[in-house]
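Only a predicted model underlies this, so the values are computations on that prediction, with no experimental measurement involved. Both ligands and their constituent atoms are indexed starting at 1 by order of listing.
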Amino acid sequence: MSYSIREVREALGTCSRLSLADLPTPLMDCPRLAAKLGGPRILVKREDQTGLAFGGNKVREFEYSVAPAVDEGYDVLLHGAASQSNQSRLTAAVAARLGLKAVMVGRKDDHADPVNGNLLLTHLFGAEVHLIESAQEKVAVIEKLKADGHRVYNTSSDGYYYRSVSYVDGFLELWEQMQAMDVIPDAIYVCAGVHTHTGLVVGAKALGVDVRIIGISPSPQDDEKKNVQLAEVANEVCKILNLDLSFTAGEFESYGKYAGPAYGVLTPGAREAVLLAAQTEGLLLDPVYAGKTYGAMIEHIREGWYRRDQTVVFVHTGGTPALFAYGNELLTSY
Ligand SMILES: *Cc1c(COP(=O)(O)O)cnc(C)c1O
């Protein structure tokens, strides 16, 4: 079973949606990087250019996933993760745009002090920021908000599947751009994550497009378990959009081995990728997500996965404000 672009758009049109992102995002050619690597044509889908507050994939995702918060009258958008979380930054920015209260319950980790990058921006957007050291502290913050009469929408767990729905839309946009350029890609690289990867895979299958989509995780993981999880999310997305498709883990390709020792730890490959993208194309990546993904793509090109006449697409999911919190690591050579 496959669908036309119009049919998938109609299915997407049944979902509630906010207007937050500048779309479509550009699709950029990287001839100098391609020449330097002696490999395939490289196109970058600029999801770091979604507009709001330094952009990133969360802006596109929140158009769908935060819409229910508005529809159902929530008054607090909450998010908690690493101190340099892009999602915390964009939760705070979107709350400001919508006139809601923002609360960040971030981890007091290595990149929390001095206040910089995403954490600085989260403060500037007026979020109430808690930097905590235990899970109980997070529960306490949420309980207190509820006791004070707030309705708390957690942008990680609430609207979860709608974040992937947004990247079905993202795939349609990318596919139309590639058709206009007369390009059929041989592989698409994306930082995975869950939602961007899953949405792209659902979008491709919905249109009957057979393209290899390679997810590179920012954290070490059990790849098989991850693929099972991604297939489950994909099946939920199909239910929401009423698409007659189903997915198995074998339809997903994801790798945890490029993440290095842990989430948020800069690897030599990511550092090289950040410098190479900046110095060949004037393109800024981030050290935590896009850098690791781009680094993996560069490694595959060097290993000869692609011929020169082929094309790979790199989906740049954003995260550039974290660069400012990683200055020391980025400038120290290994
Ligand atoms: C959050 C994030 C991801 C992963 O997002 P998913 O929603 O799971 O696809 C990837 N890259 C960046 C820069 C992010 O901030």
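- Protein residues lining ligand 1, listed by chain and number: Asn57, Lys58, Glu61, Asn86, Arg163, Cys191, Gly193, Val194, His195, Thr196, Tyr289, Thr317, Gly318, Gly319 [non-hydrogen atoms, distance under 4.0 Å].
- Residue Val105 shares its hydrophobic cluster (ILVMFWY side chains chained together at separations under 4.5 Å) with Val76, Leu78, Val103, Ile132, Val141, Ile142, Leu145, Val152.
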Chi angles and distances behind the salt bridge (charged side-chain N to carboxylate O under 4.0 Å, His left out) call for Arg302, Glu272: CA-CA 13 Å; Arg302 286 186 177 139; Glu272 190 207 0; 2.8 Å; yes
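- Using a 30° and 60° split on the angle between ring planes, Tyr326 and His111 fall in the parallel class, below 30°.
- Partners of Asp158 under the salt bridge (Lys or Arg N to Asp or Glu O under 4.0 Å) rule, at least two apart in sequence or in another chain, do not exist in this structure.
- By the side chain to side chain donor-acceptor pair (under 3.5 Å) test, Asp210 pairs with no residue at all, sequence neighbours left out.
- Taking the ring centre of Tyr167 as origin, the terminal cationic atom of Arg60 falls inside the region bounded by 6.0 Å and 45° from the ring axis.
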